[in-house]
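Worth saying up front: this structure is predicted, and the values here are computed from it rather than measured. Worth knowing before you read on, the calculation uses all heavy atoms, side chains too, and leaves out hydrogens, waters and symmetry mates. The sequence lines fix the lettering, A, B, ..., with proteins before strands; numbering per chain opens at 1.
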Amino acid sequence: MKQTINLTINGKSYSHEVEPRLLLIHYLREVVGLTGAHIGCETSICGACTVEVDGKAVKSCTMFAVQADGSKIVTVEGLAANGSYHPVQQAFWDEHGAQCGFCTPGMIMTVKQILERNPSPTEQEIREGLEGNICRCTGYQHIVNAVKAAAAKMGA
Amino acid sequence: MATTTTKTEPLIGKRIKRREDPRLITGTATYVDDIQMPGMHHAAIVRSPHAAAKILGINVKPALDLPGVVAVFTGEDTKDVGPVPCGASLPGLRVPHHYILARDRVYFVGHPVAVVVATDRYIARDAADLVEVDYEPLPAVADPEKALAPGAPAVHPEWPDNVAFTYHQEGGDPDKAFAEADVVVKQRIVSQRLIPSAMETRGVVADWRPGDKALTVYDSTQIPHLLRTLLAGALGIPENRVRVVAPEVGGGFGSKLNVYAEDILMGFVAMRIGKPVKWIESRRENFMCTIHGRGHVDYYEIAAKRDGTVLGMKLKLIQDLGAYHQLLTPAIPTLSVLMMPGLYRFKNIKADIVGVFTNCVPTDAYRGAGRPEATHGVERMMDILAAELNMDPAEIRLRNFPEPEEFPFATATGLTYDSGDYAAPLKKALEIIDYPRLRAEQRLARDAGRLMGIGISTYGEICAFGPSPATPAGGWESATVKIEPSGKVTVMTGASPHGQGEETTFAQIAADELGVSIDDVLVLHGDTSVVQYGIGTFGSRATAVGGTAVYFALQELKEKIKRFGAMLLESDDVSVTNGQCICNRTGNAKTLAEIAGASYRAMKLPPNTQPGLVSTYFWEPPNFAFPFGAHIVVTEVDRETGDITIKRYVAVDDCGRIINPLLVAGQVHGGVVQGIGQALCEQAVYDENGQLITGEFTDYAAPRASRVPWIETDHTVTPSPVNPLGVKGVGEAGTIGASPAVVNSVVDALKPLGVRHIDMPMTPEKIWRIINKGTNA
Amino acid sequence: MIPQPFEYARAKTLKEALAMIADGAKPLAGGMSLTPLMKLRLAAPERVVDIARVPELHYIREESGEIHIGATTIHYEVESSPLLRAKCPLLAETASRIGDIQVRNRGTIGGSAAHADPSADYPAALLALEARICVVGVSGEREIPASQFFVDAFATALEPGEVIREIVVPATGDDTGWSYQKAAQPASGFAIVGIAVRLRKESGRVALARVGVTGVAGKPYRAERVERALEGSAGSAADVQHAAAEAAEGVEASSDLHASADYRKHLARIYTMRALTTALSRIA
Amino acid sequence: MKISGAHPIPAAPERAYAALQDPAILAKSMPGCERLEQTGEDEYRMVLKMAIASIAGQFDGRIWITDKNPPEGFTLNVEGKGKPGFVKGSGALRVLGNGTGAEVRYDGDVQVGGTIAAVGQRLIDTTARLMIKRFFDKLAEQLAAGG
């Protein structure tokens with residue numbers, strides 16, 4: 001039986017009737033049309049589906065849309081403001097943090113959370129912070145550089 | 001009209017930020033699963049839970065009865081479609097008929113048995129559970145050596161010995177070399193099965209237009225044009241009515257250099273239901289049904305003189321092929337044989353490959369494709385020889401490299417190495433890591449009871465695939481460069497990138513050749529109805545072959561620009577520079593936009609010149625290119641737990657001339673980490689009944705950020721003479737160099753315990769057992 | 001990976017939640033255990049009650065020398081709680097080692113305990129802390145000591161209709177040393193071995209030693225032999241080594257792709273030694 | 001996967017041997033057994049609802065007994081399938097006297113396929129042993145109660 005959910009995504013209000021079993025990632029991608037977050041592993045390991053729900057980075061493939069009813073969601077599409085990229089996005093570009101780009105939106109959302117909680121992380125803290133995100137292309141080094149660059153910029 | 005411009009700085013060699021990134025960092029790129037179409041249906045595939053079984057019956061009715069389900073197809077429906085193609089040919093190769101859906105028998109876990117088509121992804125998934133398949137399980141064999149043993153279950157009953165092919169290659173006089181050797185060392189070396197696991201799984205959207213009798217297929221592929229040709233053949237549609245689009249592709253590593261049953265199946269389904277259909281591979285399917293890499297059991301012998309000079313090498317290579325041949329499956333181990341001498345003067349070689357069928361998913365090209373296995377073998381053997389002779393591993397390598405003046409260097413396997421100074425990266429790496437100090441530190445560590453190791457690998461690789469006679473489907477690459485009427489530059493490449501950044505590197509090449517701003521260049525790829533026929537991105541070929549095609553297309557285009565420029569400037573001495581055509585005598589110039597405008601308006605044409613500024617070039621490489629390098633790894637082993645920590649990783653690569661150092665570094669990092677993954681933690685494990693027990697990322701350990709070291713990169717530059725850009729290739733180098741460097745380091749750490757070899761992956765438990773028993777458990 | 005259909009309701013109050021649970025609904029909080037199983041179709045509850053926003057289940061507070069943690073408190077809140085970091089750092093440290101940032105942002109302490117995964121991190125700490133699990137059903141409340149709560153793999157002392165309300169742990173002082181040490185499975189991050197230690201010294205002797213072990217066997221357990229061996233000793237390196245040797249004695253260890261039973265038992269000893277050593281070094 | 005172990009049974013070996021082949025007792029002992037019906041000599045059909053915490057799955061299977069050697073032992077063969085996958089196995093059971101009662105030693109080989117094989121790696125061993133333990137505990141309970 002479908003249920004109505006009301007939520008705010010990237011500052012806009014949405015209301016939809018959804019099946020309880022509809023995963024948040026499918027809701028965002030297929031109902032709302034925000035395809036930035038991706039499905040990478042389906043087992044809550046890879047983090048490609050990471051979005052922010054009420055200020056917390058979560059894996060949207062392991063959450064039902066109905067659980068997000070009433071929440072504020074931010075996806076990678078909602079980060080750029082006033083025509084300029086979020087510092088984390090900009091750093092991923094500057095430091096070549098993306099190759100195939102599939103993990104990138106989830107990475108960016110996780111990095112945003114890492115830096116919100118620890119504005120100047122060490123390399124080790126960055127690497128541990130990325131435990132829930134797999135990148136198969138970059139070997140992580142340029143991602144680590146991007147996090148450092150974003151931290152420097154946001155702290156400045 | 002004369003215009004003045006400031007000289008543009010050359011872009012080749014610069015750290016240019018990627019052109020493709022704005023869409024990736026904003027989440028607005030379009031991957032296959034992002035495609036929505038009116039009326040689009042969804043497919044789910046019913047797969048075998050058995051590694052070997054007879055299909056006694058299939059009842060599709062319960063699935064068909066589910067509201068929202070529009071069709072269910074089985075092997076009976078698709079028997080005249082296909083087969084899944086094998087593009088490799090070897091003498092006497094046994095090629096099983098590879099139906100796109102199983103008919104009366106399944107051969108591996110995940111084998112597609114039926115496809116359910118529904119209006120909704122969720123309904124399709126529900127319906128897949130409702131298809132009832134009656135199996136009679138049969139004995140299965142998942143290990144290639146067990147498959148060769150007498151009495152093993154036959155994967156294909158028609159070939160009870162499970163041998164798909166044997167292949168023999170010899171160079172020089174190996175028997176004489178071994179007879180004359182002072183020392184012979186032997187070792188069995190396993191390169192385990194790996195799962196490529198691109199972060200984007202495969203996916204297909206197929207759209208059939210009955211009115212046009214035309215099929216459009218959006219496919220996460222590395223080879224859109226080859227896929228189009230083979231899809232057209234498999235589906236019986238004229239090739240010119242098939243369009244393949246590779247949209248944004250989320251990584252491939254070779255796993256998307258293929259034509260899969262599902263590619264053909266979705267075309268079939270779209271034609272049958274007359275509606276677009278989407279299939280997105282689940283991660284489990286990706287692990288079970290997309291090709292795996294490696295799968296070698298190698299028996300090496302090398303012969304040498306007491307001073308460490310190598311004389312000969314023998315290799316018996318057992319390749320686990322899996323149940324079928326995918327596009328290149330049987331060809332991959334032949335690349336291992338070509339690469340087996342590594343960077344050394346092995347003048348006498350003998351290799352025998354046995355390709356073995358097992359009840360597993362097929363193996364095929366995975367980052368390095370045959371060369372990592374070979375390099376791992378030779379680099380391990382060089383260390384084993386060094387240990388046997390009590391020589392330093394760096395010294396034994398330096399002793400056996402050909403000298404720079406010996407290039408082009410002919411190998412005993414029939415290759416001609418293009419250019420090289422193999423000692424240079426090793427010496428540089430030794431210097432960076434301060435080798436003598438490091439060895440001293442190691443002595444102190446050992447005295448203190450610590451297990452510290454230093455591992456070296458000096459790798460070479462065959463890349464820039466390749467001369468067409470040596471590749472199954474042509475080894476050239478194509479490029480079209482157009483200057484639009486407004487002066488903007490469009491490059492269309494037949495190479496189809498999936499993360500490598502060719503939109504940037506090819507734009508750098510074009511911008512430099514024409515002297516225009518990189519912002520005026522757009523690189524297009526991946527759509528067979530937009531781009532001229534091409535081969536694709538794999539085998540570290542995109543820049544060396546595809547980039548060279550762009551370069552030559554630009555040369556032709558520049559000639560044409562000059563003809564128009566000469567006409568407009570009324571001069572017979574003009575050159576193209578800084579986005580202009582300039583009269584070398586007067587300094588008068590016309591901008592590219594002015595020339596392009598004139599060429600398209602065509603009020604007046606130079607003699608024997610067509611209107612417009614377009615040039616297409618298909619470049620056939622005369623040889624492969626052969627990058628090389630040296631990696632040095634420092635590890636420490638926790639004696640109590642067997643945990644391995646990589647303390648330092650130095651990679652000095654020589655990939656010829658570098659177009660974009662930022663992107664080259666990215667390729668090296670990524671490649672190294674996949675090599676570290678193989679060395680330390682990645683393995684596709686089938687149990688003895690052929691069940692894949694590493695079925696998800698919860699058990700298949702892809703390296704995480706916290707497990708990989710900082711990688712210190714540096715380069716030597718030995719331009720390739722094979723192409724005018726002087727580039728060699730770097731996509732696979734890291735992977736090839738890494739695994740032997742890491743294993744050599746850990747073996748070195750355990751050397752005081754008498755350890756001489758460890759097979760991958762070097763899991764903590766394996767190391768702990770070795771420490772406690774001094775043997776390779 | 002798509003779950004089977006189910007009915008969903010969000011409980012606003014504990015009472016509402018209990019009524020639904022009594023009626024057969026499966027409680028769902030963060031969903032880090034249940035949702036993956038549902039996606040694999042290894043679990044298919046017909047009805048799910050979302051208890052994540054029940055206010056009576058969400059708090060961390062100190063009461064008479066003990067800290068009460070509401071069942072739906074997420075791992076991140078435990079990890080970062082100033083109260084827990086000051087007065088029950090073992091639990092905060094354990095929470096910080098669970099999964100990854102995103103998992104810790106959703107997963108709850110009650111959910112983890114109720115799921116009783118034999119490789120979960122929390123049970124080790126709950127055992128070492130001698131925590132009490134307060135469970136509630138329509139017929140009332142009861143308290144279960146952690147040592148009796150984890151019955152077997154994925155099996156707890158929860159009766160049908162019951163749900164965890166809160167977990168109570170002791171507030172510890174400067175005289176207490178603690179440590180959670182873990183060998184993580186390289187793919188999933190679950191504990192191959194996880195050792196939680198809580199120690200107190202009095203006049204130079206180990207007065208109290210509590211050691212919780214997860215990952216090693218089919219259920220988490222207290223390594224009582226280690227505790228007995230250490231208590232009363234000076235806590236010297238030799239004492240620690242001697243005691244840690246008992247960490248997996250008499251235990252039937254699990255075996256899987258990532259670690260054989262032998263290796264698990266060996267790691268239990270090594271990690272117990274390391275956890276004890278760290279805990280002793282942390283006693284002020 | 002190899003499974004072996006031993007469990008005490010509070011009954012004489014002959015009694016234990018008989019109980020291990022008594023459908024009524026087996027049905028009560030098998031964790032989650034919904035139905036057990038005899039389909040032939042030493043052959044049974046069983047419907048088993050496995051429920052371990054949140055994990056639930058129904059298996060439909062066949063059990064048959066071979067190599068009977070009363071009262072010392074027999075071979076138990078099992079084959080079952082359900083949505084989570086399939087299970088196939090056979091094991092030798094030996095009933096030994098241990099003074100006051102009997103001890104059953106088992107030594108078998110189990111094949112698992114489907115989802116449980118692909119993702120259940122870390123759980124199979126633990127779960128199998130848990131199920132066996134529950135089985136023998138229930139069996140012992142019934143024999144102790146004179147069942």
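More than 12 heavy atoms of other residues, nucleotides or ligands lie within 6.0 Å of CZ in Arg222(C), so this atom counts as buried by the packing criterion. Other residues, nucleotides and ligands contribute over 12 non-hydrogen atoms within 6.0 Å of the CD atom of Glu37(D). Shown here is Glu249(C), whose CD atom has more than 12 heavy atoms of other residues, nucleotides or ligands within 6.0 Å.
Pairing each heavy atom of Ser254(C) with each of Thr126(D), the nearest pair is OG-OG1, 3.5 Å. Looking at every heavy atom in both residues, Ala153(C) comes nearest to Leu130(D) through O-CD2, 3.5 Å.
Annotation: the span from Ile116(D) atom CD1 to Leu42(C) atom CG amounts to 8.0 Å, rounded to 0.5 Å.
Heavy atoms closer than 4.5 Å to chain D are found in both the backbone and the side chain of Leu257(C). Contacts of Ala253(C) with chain D are made by backbone atoms alone, with heavy-atom separations under 4.5 Å and no side-chain atom involved.
When each of Leu158(C), Ile192(C), Asp152(C) is checked for heavy-atom pairs under 4.5 Å with chain D, Asp152(C) comes out on top.
You'll find the side chain of Glu252(C) reaches within 4.5 Å of the side chain of Arg129(D), heavy atoms only.
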